[in-house]
Structures are given as C-alpha cells and as structure tokens.
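What follows is one structure encoded as structure tokens, with my remarks underneath.
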Amino acid sequence: NVSQASLIEFFLKN
Amino acid sequence: MLEGKFEESSLMKKVVDAIKDSVKLCNFNCTEHGVTVQAVDDSRVLLISLLIGEASFEEYRCDRNITLGIDLESFNKIIKNGNSSDFLTLIAEDSPDNVLIIFEDKKKDRVSEYSLKLMDLDSDFLQIDDMEFDATITMPSSEFAKITRDLKTLSESLQIIVTKENVKFSSDGDFGTGNVVLKGFVDMDKPDESIKIDMARPINLTFGAKYIADIVKGTSLSESVTIKLADKSPALFEYKLPSGFLRFYLAPKFDE
C-alpha cells in the first residue's frame with residue numbers, strides 16, 4: 001500500500 | 001499599469017489549458033520582468049510555477065507590480081473566444097477590479113474586447129529553495145504524455161525508475177501490469193526527439209497517475225519535457241516557454 005505525500009511536508013510556508 | 005501584447009493568443013490559451021484542471025483560482029503576479037503564477041492544487045500534492053517572461057510578449061510594460069486574481073474557468077471561457085493567430089493584449093490598471101482582454105486579428109478589421117472581473121485571492125506561497133536532484137530526464141513531451149495516458153489505464157499509481165541505462169515507467173493494477181522502458185539516444189536531425197538521461201543516483205519513485213495526467217496537459221507548450229527526480233522528494237516537471245517556463249512540482253507516494 002502506498003500513501004500520498006503532501007507538498008507541505010517538503011516546502012516550508014512563507 | 002499593465003499592458004502586455006502577445007503576437008499570438010495561442011500561448012496564453014495553451015498556458016490556461018495546461019493549468020486550469022490543477023488549480024481553479026490563482027494570482028497572476030505582474031512585474032517589469034513578466035508574469036508569474038504560483039499555485040497549489042486543493043489536495044496540496046501538485047504545485048504549479050509559471051513564468052511568462054517579458055520577452056514572450058511583443059510589447060510589454062508594467063510600471064508597478066500588479067496582482068491579477070483570476071478564476072481560470074472564467075478566464076478560459078474568454079480566452080477561447082480569440083483565434084489562436086490573433087494578437088492578444090491584456091490591460092489592467094494599478095489596483096484593478098478587472099482586466100481587459102483584447103483580441104485583434106492580424107488584418108486589424110476585427111477587434112474583440114472582453115473584461116474579466118478579478119478576485120481578491122489569498123496568496124498561499126510555498127518557499128521552494130533550489131533543490132538537488134539525483135536524476136534528470138529530457139524527452140519528447142508527446143511521448144511522455146502518451147506513456148502517462150497508456151499506463152494510467154491500468155493503475156492509479158505510476159512508478160518511475162531510473163537506472164544508468166534507462167528510465168522505466170511502470171504501473172501495477174488490478175487486472176494487469178504495464179511498463180515502458182526508454183533508453184537515452186541523440187537524434188541529430190531532430191534534437192527535440194532525443195532522450196537524455198542523467199543519473200547521479202538510481203531512482204525509484206511512485207506518483208499519483210491522475211496528477212501526472214494533469215501535468216501532461218502542458219504538452220502543447222513545448223516539444224520536450226524535463227523531469228527532475230530526487231529520492232523521497234517532490235519531482236519537477238518542466239515545460240520551457242519561448243521565454244520562461246511552466247513547472248509542476250509533484251509530491252511522491254510512499255510505501256506505508
């Protein structure tokens with residue numbers, strides 16, 4: 001099974 | 001004031017077509033250097049980053065930074081009304097409530113003018129620092145689009161595996177499996193047909209096929225697409241514009 005990662009995990013919000 | 005005139009409306013048509021299924025609302029940020037958009041899809045999995053450089057316009061002036069909050073579905077309805085070969089001019093005041101969209105055919109015997117209401121949108125910026133990638137693939141954009149469409153019929157996930165020799169696109173579904181393997185090669189006569197694989201480290205990443213299917217809507221913008229991959233990191237898919245780019249950052253899927 002695979003789960004989808006979110007971009008928020010990688011790119012910090014300004 | 002913003003006044004940007006494209007030699008042909010086709011570029012903006014293609015840009016809107018490429019992003020409208022990924023994001024519905026976005027700010028077009030206009031500066032003296034051109035127009036940029038950064039927007040994230042609702043699920044926070046796909047990010048688009050667009051630069052339409054000043055040189056993409058036949059005539060361009062933007063004295064002060066202007067933000068155009070645009071509903072892409074509405075914009076698309078208007079932008080479709082111009083013929084691809086028409087001049088397209090975008091005009092907006094410094095603090096605009098609307099943007100004027102003017103199409104002129106090349107004989108100048110028909111001028112169509114539309115006004116699009118703008119929206120006040122929260123800009124939700126993500127900071128993307130320069131990323132380091134382990135593998136870079138450049139290939140014909142149409143070929144990447146076909147592979148994506150073909151493999152998406154089997155599975156919701158698309159796996160991209162890069163080794164020194166080749167790149168493998170693979171899907172594993174309920175009723176069967178499929179894969180397409182490409183080797184690097186140089187086409188001297190048609191450089192855009194070449195496939196270039198640069199690999200520092202082997203890559204094995206899985207992505208949501210539906211997101212990649214949205215990404216390949218940029219195919220008409222460029223003959224080739226560049227895919228940059230790093231282990232356990234978002235991938236970058238780039239379509240180059242005559243001056244600028246349309247980039248998609250896509251978060252991977254992970255084994256649970």
Side-chain angles (χ1 to χ4, degrees), chain A, chain B residues 22-23 27 29 38-49 122-133 155-160 170-174 204-212 214-215 228-237 247-256:
Chain A
N1 269 355
V2 287
S3 64
Q4 176 65 60
S6 163
L7 282 172
I8 308 294
E9 296 165 34
F10 301 98
F11 301 135
L12 283 177
K13 265 184 164 182
N14 262 354
Chain B
S22 302
V23 292
N27 281 328
N29 302 299
Q38 198 211 75
V40 186
D41 85 307
D42 288 341
S43 60
R44 304 294 174 102
V45 171
L46 182 66
L47 179 144
I48 62 163
S49 175
D122 288 336
S123 54
D124 194 14
F125 250 66
L126 293 176
Q127 183 66 43
I128 304 165
D129 298 321
D130 279 344
M131 295 170 64
E132 298 219 350
F133 293 99
S155 170
E156 290 176 0
S157 295
L158 180 68
Q159 200 178 6
I160 304 179
S170 174
S171 65
D172 185 349
D174 293 335
N204 185 340
L205 285 168
T206 301
F207 300 98
K210 75 179 174 106
Y211 296 106
I212 300 192
D214 279 340
I215 289 170
K228 297 187 178 189
L229 304 161
D231 192 32
K232 296 184 175 67
S233 299
L236 168 58
F237 303 80
R247 292 177 180 156
F248 294 89
Y249 292 85
L250 176 61
K253 287 180 160 188
F254 290 119
D255 284 328
E256 275 177 342

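Here is the naming used below: chain letters follow the sequence lines, and residue numbers restart at 1 for every chain. Remember, predicted model here, so these are calculated numbers, not experimental data.
- What you find for B:A251 and A:A5 is that their closest heavy atoms are CB-O, 3.3 Å.
- Annotation for A:F10 and B:S233: closest pair CE2-CA, 3.9 Å, computed over non-hydrogen atoms.
- Summarising the local packing, CD of B:E156 is surrounded by 12 or fewer heavy atoms from other residues, nucleotides or ligands at distances under 6.0 Å.
- Take B:K228 and apply the side-chain contact (heavy atoms from CB on, under 4.5 Å) test, not counting sequence neighbours, and it matches B:F133, B:T136, B:T226, B:L236.
- Taken to the nearest 0.5 Å, the OG atom of B:S43 stands 8.5 Å off from the CG atom of A:L7.
- With sequence neighbours excluded, no residue forms a ring-ring contact (aromatic ring centres under 6.0 Å, His included) with B:F248.
- The aromatic ring centroids of A:F11 and B:Y249 lie less than 6.0 Å from each other.
- In this structure, CD on A:Q4 lies 8.0 Å from NZ on B:K210, to the nearest 0.5 angstrom.
- The CG atom of B:L47 sits 9.0 Å away from the CD1 atom of A:I8 when rounded to the nearest 0.5 Å.
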